[in-house]
Amino acid sequence: ATDNRKNFNYTFASEGTYTVLLTVTSAAGCTDTHSRQVTVWPLPKPDFTFTRMCLGDTAQFTGISAPGGDSIISYSWSIGNTLFASTRNFIHLFSLSGNYSVKYEQQTIHGCRDSVRKPVVSYAPPRARFYLNPSVAGNDSMQCFRGNSFRFINNSLNFQGQRLDGWFSWGDGTRSYFTNLNKKYGSGGIKAVKLYLETNQGCKDSITQFYTVYEPITAAFRFDAPCH
């Protein structure tokens, strides 16, 4: 490339060492030349990975440098526009669920900088909730063994469009999928019913409630035959 101005700017297409030649011509037609070598240093190529996180989990961010590039001498991590750390790797505990923008920047030994920004989501855990269906007659928390039948309503909460999975542990060594809301017990006693939930992002919650099945009783009597 050639430029006839006294001073000019030029953008090199790639890193490397280039020879720049200056030729000066006087009004009388006299010329002189001077050359210098210019080195264009490579930009860093930062990248990072991070662990999937639910609210309350510590997120681990791991910085990555491109192999074969210049030595990296400084790092910085920003969430939004706020600087949080100046280390190669970074851990952070988000105080709220939601969407965040995380920026990772590197600087080389020759002062070249570049950065990468990625969206990061802190997921809210589900909220496990269930209760006895009040519209069913006799559907009490304490029931007689004969004819016992517990009918529940699952009113658990789910957030941020996560897919929900889970099960009921019925307190008698059995369990069933969390959409199965009816339970009949084959023995008496206090039953610890646990609803366990987990989303496709690994966020979890559970709740345990107690219900009573009165021990079965057997009616019997005896009599002596009367004389007539």
Determine whether Tyr131 and Asn155 satisfy the following criterion, side chain to side chain contact (heavy atoms under 4.5 Å, CB included), listing intermediate values before the conclusion. CA-CA 8 Å; Tyr131 61 95; Asn155 65 329; 3.7 Å; yes
Could you walk me through whether Arg36 and Val20 pass side chain to side chain contact (heavy atoms under 4.5 Å, CB included), step by step? CA-CA 5 Å; Arg36 292 187 65 178; Val20 178; 5.5 Å; no
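Asn133 places a side-chain N or O within donor-acceptor distance of the main-chain N or O of Ser135, the cut-off being under 3.5 Å. Checking side-chain atoms of Gln143 against main-chain N and O of Ser149 turns up a donor-acceptor pair under 3.5 Å. Remark: the backbone N or O of Gln37 is not paired with any side-chain donor or acceptor of Thr19 at under 3.5 angstrom. Checking side-chain atoms of Thr39 against main-chain N and O of Trp41 turns up no donor-acceptor pair under 3.5 Å. In this structure, the side chain of Gln60 does not engage the main chain of Asn89 through any donor-acceptor pair within 3.5 Å. The main-chain N or O of Ile64 is found under 3.5 Å from a side-chain atom of Gln106 such that the two form a donor-acceptor pair. A side-chain donor-acceptor contact under 3.5 Å links Asn148 to the backbone of Tyr185. In this structure, the side chain of Asp205 does not engage the main chain of Pro125 through any donor-acceptor pair within 3.5 Å. Between the side chain of Trp77 and the backbone N or O of Val102, no donor-acceptor pair lies under 3.5 Å. Not one N or O on the side chain of Asp114 forms a donor-acceptor pair closer than 3.5 Å with the backbone of Lys45.
Between Phe130 and Phe178, the ring center distance fails the sub-6.0 Å criterion.
Residue Ile190 qualifies as open at atom CD1: its count of foreign heavy atoms under 6.0 Å is 12 or below. Counting heavy atoms of neighbouring residues, nucleotides and ligands inside a 6.0 Å radius, atom CG of Leu21 exceeds 12 of them. Residue Asn81 qualifies as open at atom CG: its count of foreign heavy atoms under 6.0 Å is 12 or below. A 6.0 Å sphere centred on CD1 of Ile207 holds more than 12 heavy atoms belonging to other residues, nucleotides or ligands. Summarising the local packing, NZ of Lys118 is surrounded by more than 12 heavy atoms from other residues, nucleotides or ligands at distances under 6.0 Å. Heavy-atom contacts from other residues, nucleotides or ligands closer than 6.0 Å to CZ of Arg117 number more than 12. The 12-atom threshold is not exceeded at NZ of Lys204, counting heavy atoms of other residues, nucleotides or ligands nearer than 6.0 Å.
Note that CG of Asn158 and OG1 of Thr199 are 7.0 Å apart. Values are rounded to the nearest 0.5 Å. One distance of note links OG of Ser169 with NZ of Lys194; it measures 7.5 Å at 0.5 Å rounding. The CG atom of Leu55 lies 5.0 Å from the OG atom of Ser122; values are rounded to the nearest 0.5 Å. One distance of note links CG of Leu164 with CZ of Phe159; it measures 10.5 Å at 0.5 Å rounding. The OG1 atom of Thr23 lies 11.5 Å from the NE2 atom of His34; values are rounded to the nearest 0.5 Å. The CD atom of Glu105 sits 10.0 Å away from the OG atom of Ser86 when rounded to the nearest 0.5 Å.
With contacts defined as side-chain heavy-atom distances shorter than 4.5 Å, the pair Pro44/Ser65 does not qualify. Side-chain contact between Asn99 and Pro119 is absent, with no heavy-atom pair separated by less than 4.5 Å. No side-chain heavy atom of Pro42 sits under 4.5 Å from any side-chain heavy atom of Cys112.
In this structure, Ser97 and Tyr123 approach most closely via the heavy-atom pair CB-C, 4.1 Å. Val120 and Met53 get closest at one heavy-atom pair: CG1-CE, 3.3 Å. Taking both residues in full, the closest heavy atoms of Thr212 and Phe150 are given as O-CZ, 3.7 Å, listed atom of the first, atom of the second, then distance. Across every non-hydrogen atom of Pro216 and Gly188, the tightest pair is CD-N, 4.5 Å. Pairing each heavy atom of Phe61 with each of His92, the nearest pair is CE1-CB, 4.3 Å. Looking at every heavy atom in both residues, Phe48 comes nearest to Gly63 through CB-CA, 4.2 Å.
Below 30°, between 30° and 60°, or above 60°: for Tyr104 and Tyr75 the angle between ring planes is below 30°, a parallel geometry. Classified by interplanar angle (parallel below 30°, tilted 30° to 60°, perpendicular above 60°), the ring pair Phe12/Tyr10 is perpendicular.
The pair Asp57-Arg52 does not count as a salt bridge, with every side-chain nitrogen at least 4.0 angstrom from each carboxylate oxygen.
With 3.5 Å as the limit, one finds a donor-acceptor pair spanning the side chains of Asp165 and Tyr177.
A cation-pi arrangement, defined by a distance under 6.0 Å to the six-membered ring centre and an angle within 45 degrees of its axis, is absent between Lys183 and Phe152.
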